[in-house]
Trainee: 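Sharing a structure here in structure tokens format.
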Amino acid sequence: LQDPRNAIDYSFGTNNYVEVTDEASLDLDDDGTLEAWIYPKSFATGAGILYKGGTGANSVCYGFGLGGDAGNLFTGGNNTNIGFAIGNTGGGHYILTGSKTLLPNNWYHVACTWEVSTNTRAIYLNGLQYASSTAGIGNAATTNAENLRFGMQRISDIYFDGIIDEIRIWNTPRSQTDIRDTMCQKLVGDEANLVGYWRFDREISDTSTPDYDYGTKNNGTMYNFGSVLDARVCSSAPIGDDSAYGYGTTTTISSANLSHPAGDYLFATEYAGTWNDSYSGIQVYRVDEAPVYPPDIATSPYAYGTIIGLT
């Protein structure tokens, strides 16, 4: 049977977050990738989405969130941009901020990568790189004894308002192709270099958020949610059992073709004249089996608890 297809809504309660106790596997040394699907409802300046670190400027390990938090953590850009930080043994932290404006009530896939040996950092949004840097990061410090948190950052204690799903942490700098290959499909949990994987697929009032990575099991705990069960919402993030994609350029269109083992397939293509970015992409995904619970829809005939109330 499939798990419930859930995410966590950080709009329930006040100052709520998920915390994962520090563990050696979460210390990423010189390389790493942070990934998540996010659905912002509003934009608090400097809000944390994923953060490992303490309360002082020199206690940052790694994290990303909303920008514009001058003098604190995600200092660049504004609160509708993604800011990405890693620690600096020389003091403070290295910061990279993207310029793409996020819109409320939309799903975005965010991936942040770094590699000390090549002095490279990058932010990807929906599989497209929209910020990068080759400025020196030789003093990068992505190892400390601080806990990992989702939904807030501790430098200025700013909390994310929205939904977060499918958080993944890797101890390698994933390429753009790597990110595109798996951003719209569930992982097995035993992938090479995966050190943390939180799907949030639970439908119970227990506060635990299991780590689906077979090797680490860094389970998290929900704090300050007014109702844990209400915060576990049916996720509409575009994640399935398999996926395919196509990304165009300034001169070519995007298209994707996804097949099913039974022989069916779906082909999708960009329609010229309706795409605003200079280059764009299409991701299609396949869900092979419905989750085992009805979605959070209260209207007939899809009321919670009915047989046909399945996604």
Trainee: Pairing donors with acceptors under 3.5 angstrom, does anything connect the side chains of Asn144 and Ser59?
Mentor: no
Trainee: Do Tyr245 and Gln283 have a side chain donor and acceptor closer than 3.5 Å?
Mentor: no
Trainee: Within the 3.5 Å criterion, strictly below it, is a donor on Thr134 or Asn119 matched to an acceptor on the partner's side chain?
Mentor: no
Trainee: Tell me, which pairs form a salt bridge (Lys or Arg N to Asp or Glu O under 4.0 Å) where one or both residues lie in residues 140-153, sequence neighbours left out?
Mentor: Glu19-Arg149, Glu146-Arg154
Trainee: Can you confirm if the aromatic rings of Tyr17 and Tyr223 lie within a centre distance of less than 6.0 Å?
Mentor: yes
Trainee: Over all heavy atoms of both residues, which pair between Ala7 and Ile163 is shortest? Give the atoms and the distance, please.
Mentor: CB-CG2, 3.5 Å
Trainee: Among Asp242, Asp241, Asp264, whose salt bridge (charged side-chain N to carboxylate O under 4.0 Å, His left out) with Arg286 holds?
Mentor: Asp242
Trainee: Given Val228, which partner from the list Asp206, Asn16, Thr207 fulfils the side-chain contact (heavy atoms from CB on, under 4.5 Å) test?
Mentor: Thr207
Trainee: Listing request: all salt bridge (Lys or Arg N to Asp or Glu O under 4.0 Å) pairs with a residue in residues 45-55, at least two apart in sequence or in separate chains.
Mentor: Asp22-Lys52, Asp27-Lys52
Trainee: Would the Phe150 and Tyr10 ring centres measure less than 6.0 Å apart?
Mentor: no
Trainee: Test the Arg121-Phe84 pair against the cation-pi criterion, namely NZ or CZ under 6.0 angstrom from the six-membered ring centroid and within 45° of the ring axis.
Mentor: no
Trainee: Examine the side chains of Ser235 and Asp165 and answer whether a donor and an acceptor come within less than 3.5 Å of each other.
Mentor: yes
Trainee: Using the ring of each side chain (for Trp, its six-membered ring), is Tyr197 parallel, tilted or perpendicular to Tyr212, with breaks at 30° and 60°?
Mentor: perpendicular
Trainee: Not counting sequence neighbours, list each pair that qualifies as a salt bridge (Lys or Arg N to Asp or Glu O under 4.0 Å) and has a residue in residues 53-78.
Mentor: none
